[in-house]
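To keep things clear, I will list the structure first and then write my remarks on it.
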Amino acid sequence: MDTTFLMNSLWVMLGAVLVILMIGGFILLETGSTRMKNAGHIAGKTILTFSISSIIFWAVGFGLIFGKGNPLIGLSDFFYSGYEIDSLSLSGAVFFMFQLAFAGISLTVAFGGFAERAKLSAYLVFSVLFSIIVYPPIAHWIWGGGWLAEHGDQDFAGSTVVHLTGAMAALAATILLKPRIGKYNKDGSANNLAGHNQVFTALSVLLLWVGWFGFNAGSTLSVDNGFFGFVALNTNLAAAAGTVAAMIISWVVLGKADVPMMLNGALAGLVAITASCAFVETWASVVIGFISGILVFYSIRFFEKVRIDDPIAALSVHGTAGVWGTLSTGFFATKKLATVGAPGLFYGGGLHQLGVQALGVLTCGAFAFIASFIILAIMKKVMGLRVTEEEEIIGLDISEHGSYGYPELVKAEQQIKAQ
């Protein structure tokens, strides 16, 4: 068997493993950013919903994205056997696993808008419907040879496909679920419902940062010429720049170097560079990451001001940074690296590629939001989305699962309050 085929397959399988391990990062991120009484629920539902998305992706998701069809949707290769796709220079089953991991991450991003107030049953039903109706069309349009691919849309590893799609679903969810109890006062001012563990949150960012090398560098699908190293370098620089920028802007505006904001800056840098990591020079990756760190700071403040309760900043980290990252290739994509689409504005490409990128953002963002909103609105009417006020106050660990994620700590806290 060809050595290149084997090496490519091994490399992309490693990338798939790294991306799946990002689920652990999201568990720590969402758990650390929310309150202790919901920790076990968050951890368990994340594993469960990834399991559901895996089965749905095998049954229909992969075929809807990569199957033979039309510019809007794929229509073949359902219930994937592991042998289809012989046109790649790597194992078809490995490619399937890699793409399955991406679909699971997008769903996990979407659930940021459900945090601390949604029923477990809502997670289960939406996992199925998002994995069939919302994610596959967008992935097909850009990665499966669909109509945006025909226009040359540049989204190397998913700033739009994965992150913006998930963020728009999260926006629909948080609008329909409405804010958590105690988040806003009658005068409209917001209360800080602080997460219970910043160490978990910091560890989550480290796990996600490392996993992102599978996300971005793995998307080369090849070991040829070691290009994946260049993609990894851009990824790391953007994350670092986003971290520094968010720290600086929070320090200047708030007078303190806010730790959660700094961590959100790192994630924003990672999300932003995801679209452009293979198309831009290293200096541009620093600029892209730095701008994303500033954008995420003001985006989080904006959503809080308009009374959209986003506990883990999914809308800002994955949505706002996803938009910027997608548009950034329209400025910074070079003639040499733009293997998809055209060079950006700063490299003699004019406004053409920027227009294509904007078209992708608008159409994909609108589709993800509208489709998710309709699905969730129907679910809300038929089965309900939110737990009762009493269940939300006592916490989803007890109300949904009958046990606490931190049984000793929560019981001790309750005893102290009772004294």
Side-chain angles (χ1 to χ4, degrees), residues 15 65-66 71 98-99 102 105-106 135 137-168 212 215-222 225 227-228 230-235 237-239 242 268-289 291-292 295 318-368:
I65 298 169
F66 296 103
F98 189 65
Q99 293 299 329
F102 277 55
I105 293 297
S106 188
Y135 179 80
I138 293 172
H140 177 75
W141 296 347
I142 296 177
W143 290 345
W147 68 276
L148 281 171
E150 293 174 352
H151 282 78
D153 188 281
Q154 295 170 340
D155 188 15
F156 188 73
S159 288
T160 294
V161 173
V162 177
H163 297 284
L164 181 60
T165 299
M168 290 300 98
W212 233 283
F215 216 96
N216 288 2
S219 292
T220 59
L221 303 180
S222 171
N225 303 318
F227 184 64
F228 63 85
F230 177 78
V231 173
L233 173 59
N234 276 349
T235 300
L237 289 172
L270 289 164
V271 170
I273 200 61
T274 296
S276 59
C277 52
F279 305 132
V280 303
E281 296 287 0
T282 53
W283 71 267
S285 70
V286 174
V287 174
I288 291 168
I291 292 174
S292 70
L295 287 175
H318 301 278
T320 302
V323 169
W324 159 238
T326 304
L327 294 176
S328 69
T329 68
F331 295 104
F332 298 107
T334 75
K335 292 180 180 179
K336 179 181 178 181
L337 296 172
T339 53
V340 174
L345 177 64
F346 299 152
Y347 287 85
L351 295 174
H352 171 76
Q353 192 61 42
L354 185 59
V356 172
Q357 299 305 108
L359 177 65
V361 165
L362 290 172
T363 54
C364 294
F367 176 82

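Count residues from 1 along the sequence.
- Note that OG1 of T329 and CG of L337 are 12.0 Å apart. Values are rounded to the nearest 0.5 Å.
- Side-chain contact check for F156 versus N234: every heavy-atom pair is 4.5 Å or farther apart.
- Between the side chain of Q357 and the backbone N or O of T326, at least one donor-acceptor pair lies under 3.5 Å.
- Residues V161 and W141 fail the side-chain proximity criterion, which asks for heavy atoms closer than 4.5 Å.
- Contact annotation: the side chain of C364 approaches that of L148 to within less than 4.5 Å [non-hydrogen atoms, C-beta and beyond].
- Looking at T165 and S106, their side chains never bring a donor and an acceptor atom within 3.5 Å of each other.
- Here the shortest heavy-atom pairing between H140 and P71 reads CD2-O, 3.7 Å.
- The ring-ring contact (aromatic ring centres under 6.0 Å, His included) test with H163 singles out one residue from W324, F215, F102, and that residue is F215.
- In this structure, OG in S159 is found 10.0 Å from CG in L327, a value given to the nearest 0.5 Å.
- Side-chain atoms of H352 and V356, non-hydrogen and from C-beta on, do get closer than 4.5 Å to each other.
- The distance from atom CG of L233 to atom CZ of F228, rounded to the nearest 0.5 Å, is 12.5 Å.
- Note: F367 CZ to I138 CD1 = 6.0 Å, rounded to the nearest 0.5 Å.
- Atom OG1 of T320 is separated from atom CG of L164 by 9.5 Å, given to the nearest 0.5 angstrom.
- Residues F346 and T334 fail the side-chain proximity criterion, which asks for heavy atoms closer than 4.5 Å.
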For a quick test of your reading: what N or O donor-acceptor pairs under 3.5 Å do the side chains of residues 270-281 make, sequence neighbours left out?
from, atom 1, to, atom 2, distance (Å)
T274, OG1, W212, NE1, 2.8
T274, OG1, L270, O, 2.6
T274, OG1, V271, O, 3.4

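- Contact record, A157 with S219: CB-OG, 3.5 Å, taken as the closest heavy-atom pair.
- Judged by distance alone, with hydrogens and angles left aside, the side-chain atoms of D155 form a donor-acceptor pair with the main-chain N or O of T160 at under 3.5 Å.
- Side chain of Q353 to main chain of F332: no donor-acceptor pair is present (N/O by atom type, distance under 3.5 Å, no hydrogens or angles).
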